[in-house]
Every structure is written in structure tokens, then in C-alpha cells.
*Asks:* 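Provided herewith is a single structure, encoded as C-alpha cells, for subsequent inquiry.
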Amino acid sequence: MIGSYSGKLLSALLRSCVRRPWPLIHGQILHANFLKVGFFPSHPSVSNALFHMYAAVGLPSEALLAFRHHVTSPTTLDFTALLSAYLRSSLPYETLRIFFFSHSNNSCPLPDGVTMTVVFTAAAKLTDLTSGILAHLIVVKRGVVLGVVARNSAMDMYVKCAAMVDARKMFDEIEESERSVVSWSVLLWGVLKWDGLICGKEVFDKMAMKNQVAWSLMASAYIENGLPKKAMEILTEMAGVSDDNLNHISVCSLLSACALVGDVTVVRWVHAYVVKVRMLVLNQEHDDWDNDASIMVGSSLIDVYAKCGRIEIARRLFEKMAVKNIVTWNTMLSGLALHGLVNETERLFSQMITNQIVPDDISFVGLLSAYSRSGHMKSDWKCFHKLMTDHGVTPKMEHYACIVDGLGRAGRLVEAEALVKEMPFRPNEVILGSLISSCCLYGKVEMGRRMMEELLHLDPHNTEYHILMSNMYASSGNQCKANNLRQGLKNRGFRKVPGVSYISIDRCIHRFSAGDKSHPQTPEVYAMLDEMIFRLSSATGYPTSPTTRDAEEEEREEALFSHSERLALAFGLISTKPGTPLHIFKNIRICRNCHAVIKLVSDLYQREITVRDRNRFHCFKLGFCSCLDYW
DNA sequence: ATAGGGTTAG
């Protein structure tokens, strides 16, 4: 029957498939019918349409097959469509491979600006400067003319690869009248990221046209640099000058910056904003709003509240959201896990199942990390394995990492190591690092040494675990080996990541490092610290001296008595009214000693203190911590 | 066939 149609009609039919709701099904039925009647290879226009159908619906390998077999003399447009299909399916590596391979083979048509845009974008995604430069050389050598869009994408490639000299050169080469708002925002992104806030602000001020992207980039940069007040100024300025309001992407970008630094100042403003402009609608009373955007913004808010220590607000928001997707559920799961709330995480997971939400691999990372962070390794790996495969999820390295961490921290090191040997991957640095920390915790020097050796093959420059190993040697009485490790690090010029704590008081973020004396209120802070230590030791007889010895002599004196979180805590106590809850943010894990001190302070000074460290939240109240001393 | 900021984990 199909044989009676003309080639023109069939190709039109195929092209129309791309725009239908189920393009693939219709297109494939047509494809199958062509094959059945032996019709299609002889008609170039039909086979070309078939290739474009597969490219457009995002099936790159099907498109490649059709391209190879049926597109006899590809045009630039065909070739570009093929590359773009790979890029849109998040396969930037394949995109580059096909481009360079065909190019070296002389089997591709001369690329144009659009082709190069796709190639530069792929190199940018991979931060592959070598490929980017190579592509640029091909442009020059073959005399390809680049329009402003292609130049912007090349600039973005240089920016993402930290090659700011080349990026600026490209920017300068674009005629001033040609420069688009995208040229400017690409430059702004790079300058903010690589040259810092001050230089970025200069670029921002030079921008004649500012849009959502520019405003939110600038505001996010202020947030990430601990200047939420400045971010608010930018946002209010935006509202006054521009009719361009924030869209859901700008909102997510701002909120993720807030999540990074753990400050809620801007979050509150954004929350009010999205409710006001009805970007976030909790109940479905109208259908004239953007469902996807609302879910995305809602999930983003849940995430940021959880990461800023406001888990109750996050939970309330989650419950109020009438429409959710898998990301919303996963965000809530990992938020609860971050706070060590195992039972709640478990409950939410079963609620997910009863609501017929199909959990994905990230849901399981959430659930498993709740177990590992709380030390509640109730079931063994076999049960989890079954649970996962029952829901169609294949266990990945991350899942093993959670279990290994949980077993190790619970002192079940033999089981942990057995699991590592049994898993179908070679352990990565996350897994080995977790085992080393557990060995440290339980003084298993010999096993720690073995793991360390394996880790050094993968990551010879790792500083963190050298320090851990050195501490382990020190506490097992082998001061000599400990010093050797430290000295080796020092000789190679590696330094320990310094611990930094932040506390937000009255919309300003105050930063403290260990032994820090740079804060304007340093005398008051240290006076408070002394008072704190005095009250603690007289009230409890608590020994405030270190339990693990720090081999670096100059650090030993000050470090433990003035760890950054204690300074932040002292500052918080003198800067707020009695009873005000305090939120502290720390870049590395909290140490046992400080943990003990903060527990006592929460009781003696009647304060709720929330500390976010690199691993999880600790909520201190009346002398107890929500982690129940397990982390 | 084409550029910039974006939610979940490790």
C-alpha cells in the first residue's frame, strides 16, 4: 500500500512525525513499512527525512545508522544535525569524536558557523581546552566564517576552560555593535568565576543591556562571596530598572548559591517573591501557571531550606506542594538524610512507594546515606541489593560507598572491606577515603595503611588522607611515622585545607578561621571564648584540651582552643539576644572536641545551635546533639 | 542544525 505513495509525500510524512506528540512511534512505523516494501533506500529525500527524524527526537545512534547507510552525500546541515543530536543527548564526547574523525577522514562537508557552535559547546561541556583550540584552528585553516552566535560559543568554551586571555581576545574581536547580551553574560560569568567579584562588578556596570541572566549572575556571586546584603541591593535595583523579572532558572540559580553558603537571607526574599508572582503555586487552583517551573522552584526551596538547617520549613513546604516530581521527593529524602533523620527518611521512602512514585538511583543514595550517617545499618547489603533491583535500579558505586561508609563508621571494618572486594567496580577514592577515616576512628593502623597505598595509586596528591593517616600513627604511639608523613607533605608544598566557619548575624556573614584575629570584634570574641571555657570547666570539669595531638608545633597551642567554630559560636553568643538560635556553617567536618564543647554550651547558655559541617547537620539542644554523637 | 544563568546524590 505504501508503495503507491510518492517519495515526496513520504518524506513530508516523516518530517511531520517530528512535531507529533509521539514522533518516534509514528516515524518508526513508517520506517518499518518502508523496509517491508523495500522502498526507501532508493529515495534520497525519504532517507534524508528519516535520518532527520531520528536526529530530531534525540536518538543519536539510530540517527548515525541512518546517516551512514542512507545519507549518501551529506550536506553541512545533515552533518550538523547529527552532531547536534549527540550533543542534545548529553554525549559531548561522541560529538567531538565524530567531528574530528570525519574531519581527519575528509569525509565531512565543510563546517559552517552552526557546526562550529555545536562543537564548541561540546568542548565547553567537557572543559576540554585541547579539543576547543583544535576546533578553533580548523576554523582558521579552512576559512570558516563565524557569526556572533558561534563566537559566543567559542568564548564560552574558553571561559569554562579558564582560558580568560583567549576569551577576552574573542570578546574584543567582536565588533561592539555586534556584541549581544549573551557575549556580555559569557564574559561576566568568566570574570566573576576566575577574576573575582570586584572585576566582575566592573564588567556588570559596563553592560548597557542587562537581562535576567546578568542580574542573577551578579546577585549569585554576591551570595557566594558572603555578601547577601549586596545581593539584595542588586535584586531591588533590578526590580526598579528592568521589566525583566526573574524567571524560574534565575530563581534556582540564586537559591543554589544560597545553599552553597548556607545563608537564608536571600532565600526568604526569593520565597516571598515566587509566591507573589505566582511562580510557586502550592495547590492546583488554576491551570494557567507553569507546572514544571513551579515544581522546580519548590524543589529548589526545599533543598536550600534543608541545607540551611531549616529542615522543618523544608518539610512543611514539601507537604504543601500538591504537585511533585521525582526530584522533589529525592530532595526531601536527602534533606532528611542530611539531618540524620533515619526514621523520617525511611517513612518518606515507603510513602513514595505507596504513592507509586518509582524511586531512581538518587532516591536510593538518599535512603542509604541516611543509614550510613546515623549508624543504623539495620539491614545488610543483600537486602538493599534486592530492594534496589526490585525497583529496577542497578546498584552503582555511590550506593556501595554509602554502605561501606556506614559499616566502617559502625566499626564493622571487616565486613566493609569484604563488600569492597565483592563489588563489581574497582574502589574509587571516595570509598577508599571513607575506609581510611573509619580505620582512623577505630585505630586500625594496618588496614588503614593498606587502603592508603591503594588510594595513592588513584590520587597521588591527596592531602586530606595523609593528615588522617598521620593522626592515626600519632594516636597509636608511632610519632615518628606520623611526623614523616607530615614532613613529606610539607616538603612537597601541600597544605592542609584550613577550617573556616561562618555565622550570619543580622544579614551579615562573619568568617572565622582557627586562631583568627582579623575580625573587628576580636577582643570581645576572645573574651567570650575565655568565659565560655571557664564556665564549661567549672560547671562540668570538662577537659578542654585536645585528645588527638597535632604534629605541627605552631598550630598546637592555639588551634584547639580557638577552632573556627568556637570563635563563630562565641561571636554568635555576644551578638544576639539570649535564647536566639544560632546557625554556624563549617567547611570541613566538626572535630570531636568542639562537638563536645558545643553540646555543653547549648545547655549552659540555653541556645539551640545548628552546625552544618561538610558531612551533615548537628542540632545542639540542652546538651544533646541530633547526631547522637555518631557521625 | 546554533550561544549565556538552573532543582536531587557522591
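Letters A, B, ... mirror the listed sequences (proteins, then strands); counts begin at 1. Below, all heavy atoms of this structure are taken into account, side chains as well, without hydrogens, waters or symmetry copies.
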*Asks:* Applying a 4.0 Å non-hydrogen cut-off, can you work out what Val149(A) is touching in the nucleic acid: base, sugar-phosphate, or nothing?
*Replies:* base
*Asks:* At the 4.0 Å heavy-atom cut-off to chain A, mark where contacts on DNA chain B begin and end, going 5' to 3'.
*Replies:* dA1(B) to dG10(B)
*Asks:* Ring centres of Phe171(A) and Trp184(A) under 6.0 Å apart?
*Replies:* yes
*Asks:* With the threshold set at 4.0 Å, does a side-chain nitrogen-carboxylate oxygen contact exist between Lys396(A) and Asp361(A)?
*Replies:* yes
*Asks:* Got a sec, which pairs hit side chain to side chain donor-acceptor pair (under 3.5 Å) with one end in residues 186-195 of chain A, sequence neighbours left out?
*Replies:* none
*Asks:* What I want to check is whether the side chains of Ser183(A) and Asn152(A) have a donor and an acceptor closer together than 3.5 Å.
*Replies:* yes
*Asks:* Look at the aromatic rings of Tyr158(A) and His136(A) and report parallel, tilted or perpendicular, splitting at 30° and 60°.
*Replies:* tilted
*Asks:* Over all strands shown, is Lys160(A) touching base, sugar-phosphate only, or nothing at heavy-atom distances under 4.0 angstrom?
*Replies:* sugar-phosphate
*Asks:* Do Ser153(A) and Asp156(A) meet the criterion of a side-chain donor-acceptor pair at a distance under 3.5 Å?
*Replies:* no
*Asks:* Hey, are Glu319(A) and Arg316(A) close enough for a salt bridge, meaning a charged N less than 4.0 Å from a carboxylate O?
*Replies:* no
*Asks:* Listing request: all salt bridge (Lys or Arg N to Asp or Glu O under 4.0 Å) pairs with a residue in residues 253-265 of chain A, at least two apart in sequence or in separate chains.
*Replies:* none
*Asks:* Tell me whether the count of non-hydrogen atoms from other residues, nucleotides or ligands lying under 6.0 Å of OH in Tyr93(A) goes above 12.
*Replies:* no
*Asks:* May I ask you to list the residues of residues 182-191 of chain A, by number, that have any heavy atom positioned under 4.0 Å from an atom of DNA chain B?
*Replies:* Val182(A), Ser185(A), Val186(A), Trp189(A)
*Asks:* For a quick check of understanding: with a heavy-atom distance under 4.0 Å over all strands, which category does Asn428(A) fall into, base, sugar-phosphate or nothing?
*Replies:* nothing
*Asks:* Could you tabulate the donor-acceptor pairs under 3.5 Å formed by side-chain atoms of residues 299-310 of chain A, not counting sequence neighbours?
*Replies:*
| unit_1 | atom_1 | unit_2 | atom_2 | d |
| --- | --- | --- | --- | --- |
| Ser299(A) | OG | Ile295(A) | O | 2.7 |
| Ser299(A) | OG | Thr328(A) | OG1 | 3.0 |
| Asp303(A) | OD1 | Lys307(A) | NZ | 3.2 |
| Asp303(A) | OD2 | Lys307(A) | NZ | 3.4 |
| Tyr305(A) | OH | His271(A) | ND1 | 2.8 |
| Arg310(A) | NH1 | Cys308(A) | O | 2.7 |
| Arg310(A) | NH1 | His583(A) | ND1 | 3.1 |
| Arg310(A) | NH1 | His583(A) | NE2 | 3.4 |

*Asks:* Output the residues of residues 206-213 of chain A in contact with DNA chain B, where contact means a heavy atom of the residue under 4.0 Å from an atom of the strand; sort by number or write none.
*Replies:* Asn211(A), Gln212(A), Val213(A)
